[in-house]
Protein chains: 2
Amino acid sequence: MSKPDLLIHTAFELFYKHGIHAVGINRILSETGVAKKTLYHHFSSKDALVEAVLVYRDQIFTDWLTSRMMQAGEGNAAILALFDALDDWFHDKVAELLPFKGCFFVKANGEFSDHAVNTICQKHKQNLTTFIQANVPRRSAELAQSISLLKEGAIAQAYVAGDLEAAKRAKLMAASLLA
Amino acid sequence: MSKPDLLIHTAFELFYKHGIHAVGINRILSETGVAKKTLYHHFSSKDALVEAVLVYRDQIFTDWLTSRMMQAGEGNAAILALFDALDDWFHDKVAELLPFKGCFFVKANGEFSDHAVNTICQKHKQNLTTFIQANVPRRSAELAQSISLLKEGAIAQAYVAGDLEAAKRAKLMAASLLA
DNA sequence: ACACAAGTAGACCAATCTGTCTATTCTAAA
DNA sequence: TTTAGAATAGACAGATTGGTCTACTTGTGT
């Protein structure tokens, strides 16, 4: 793995677990064994690394979720598959997403205000809602927002309250919404 | 206002807006005009202050939400009132909660792991779910979890995606759930 | 063989972090 | 009026922060 990739990968693990402000550059360096000069050769600042980590996670997560949805077909089947995918995630059955610790974008967004991070997080959510919209009856924007709401609710409920069955509940509500 | 209350109140404002790790003790001190010695006279550490802030917000928020619910009656009426209350919150019509910036407990929880903060946040959510359960048909725990999920989803969606009408959507889904 | 980019270790910097401490003043109750 | 607790300003300590820099060693493509 190239040094930049290694830094991004390790930084994500640490940020996801402990929070972004709680993890210093020196910790990322010592965990990776990479020299400080090398980090600043590839990233102009910690902020730049943070943004690269968000882009990295966005790609991994979006690719995983959309492929799980498309794999199940189109339309309602894809929407229902979304919640099956979440259920697998909550129960740590998705190796590529790492052990479930909530939504990285929600967490990252909460640590900043009026910052590039907020824009990236908002865009990530918007992209997913757009993808959902393409699979919803009448391509209704309203319906897509409601499905997104159920998705966010399931993630938050699973993480903060420890309700690992939240995705199953959300799926039932989604099904009744689509009917 | 007593010094401890002033510290807690100001710390909450700063933590809520910028995140907990992003706000240092010195900033809280300079914004309040309180001396450092005084802070450490009342709170043994920053962690102790953080916990006091969480307890403070828990009280404000829970009192507000439960009174809004009870004010509307009992049972289904109370549940529907919950979403009306959220709608007011999102649109900054509730002065005592300060300008809406998402759920403080979700944000705080995301900044720590294996920490007293996580326990407090989880307990806060549990207490609200218990209150919801008392107003749900058959006092069903399942149903209460689903309502909580809708509540969390609405807050996350309103904050991260900027969908200020999320509470209205959640209310519709809740109504169909209660029918 | 040569050149150039990518890597190394780690000293160093200024700023900031939490937390301690001294020395002094204010305030309210006994 | 005395006395104790709560408050003040701010110097100080030690650790850590993000970031720079020098001097040196790799590895790769031409």
Side-chain angles (χ1 to χ4, degrees), chain A residues 1-57 104 107-118 120, chain B residues 1-56 107-118 120:
Chain A
M1 188 154 30
S2 73
K3 300 290 168 178
D5 286 354
L6 175 63
L7 287 166
I8 289 173
H9 187 270
T10 304
F12 170 70
E13 273 191 37
L14 293 170
F15 290 161
Y16 189 35
K17 190 172 193 174
H18 304 286
I20 293 173
H21 284 112
V23 174
I25 234 68
N26 292 317
R27 179 147 177 213
I28 298 168
L29 260 19
S30 67
E31 298 236 355
T32 54
V34 169
K36 194 174 269 196
K37 183 93 200 199
T38 306
L39 190 159
Y40 282 99
H41 176 71
H42 294 287
F43 304 99
S44 62
S45 63
K46 186 190 181 183
D47 266 25
L49 175 61
V50 167
E51 289 173 31
V53 166
L54 285 162
V55 168
Y56 161 79
R57 180 64 172 185
F104 183 59
K107 295 167 98 171
N109 191 65
E111 288 201 54
F112 295 86
S113 72
D114 304 319
H115 191 280
V117 164
N118 303 106
I120 295 175
Chain B
M1 186 156 28
S2 73
K3 299 290 169 177
D5 286 353
L6 175 62
L7 287 166
I8 288 173
H9 187 270
T10 305
F12 169 72
E13 273 191 34
L14 293 170
F15 290 161
Y16 188 37
K17 189 171 193 173
H18 304 286
I20 293 173
H21 284 113
V23 175
I25 234 68
N26 292 319
R27 176 143 180 217
I28 298 169
L29 260 19
S30 68
E31 297 236 354
T32 54
V34 169
K36 194 174 270 195
K37 183 92 200 197
T38 306
L39 190 158
Y40 283 100
H41 176 71
H42 293 287
F43 305 97
S44 61
S45 62
K46 186 190 180 182
D47 265 25
L49 175 61
V50 168
E51 289 172 32
V53 167
L54 285 162
V55 168
Y56 161 79
K107 294 168 99 171
N109 190 66
E111 288 201 54
F112 295 86
S113 72
D114 304 318
H115 191 281
V117 164
N118 303 105
I120 295 175

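Quick note on labels: first sequence line is chain A, next is B, and so on, each numbered from 1.
Straight-line distance from the CG atom of Leu29(A) to the C1' atom of dT16(D): 14 Å, rounded to whole Å. Rounded to whole Å, the distance from NZ on Lys3(B) to C1' on dT8(D) is 9 Å. Rounded to a whole Å, the CD1 atom of Ile25(A) is 22 Å from the P atom of dC12(C). Distance, His18(B) NE2 to dT16(C) P: 15 Å, rounded to whole Å. One atom, CG of Leu49(A), and another, P of dG18(D), lie 10 Å apart when rounded to the nearest Å. Per the geometry, CG belonging to Asp47(A) stands 16 Å off P belonging to dT17(D), to the nearest Å. Across the protein-nucleic acid pair, Leu39(B) atom CG and dG19(C) atom P stand 9 Å apart, rounded to whole Å. Between Ile28(A) atom CD1 and dT17(D) atom P the separation is 10 Å, expressed in whole Å.
With a 4.5 Å cut-off on side-chain heavy atoms, Tyr56(B) and Asp5(B) do not count as touching. Looking at heavy atoms from C-beta onward, Asn26(A) lies in side-chain contact with Lys36(A) at the 4.5 angstrom threshold.
Taking the centre of each ring, His18(A) and Phe112(B) stay at or above the 6.0 Å mark.
Not a single donor-acceptor pair, N or O on each side, falls under 3.5 Å between the base of dG10(D) and the side chain of Lys36(B).
Listed candidates were dT8(C), dA9(D), dA7(D). Nearest to the side chain of Lys37(B) is dA9(D). For His41(A), the listed nucleotide lying nearest its side chain is dG7(C); candidates were dG19(D), dT18(C), dG7(C). For Lys46(B), taking side-chain heavy atoms from C-beta onward, the closest of the listed nucleotides dG19(C), dT8(C), dC21(C) is dG19(C). Which of dA9(C), dG19(C), dT20(D) sits closest to the side chain of Tyr40(A) comes down to dT20(D).
His21(A) has no side-chain polar atom (N or O) that falls below the 4.0 Å cut-off from OP1 or OP2 of dT17(D). Contact between the side-chain N/O atoms of Asn26(A) and the OP1/OP2 oxygens of dT16(D) is not found at any separation under 4.0 Å. Distances shorter than 4.0 Å separate none of the side-chain N or O atoms of Thr38(B) from OP1 or OP2 on dA6(D).
In summary, Glu31(A) and Arg27(A) engage in a salt bridge, as defined by a charged side-chain N under 4.0 Å from a carboxylate O. No salt bridge links Glu111(B) with Lys107(B); every basic N to acidic carboxylate O contact stays at or beyond 4.0 Å.
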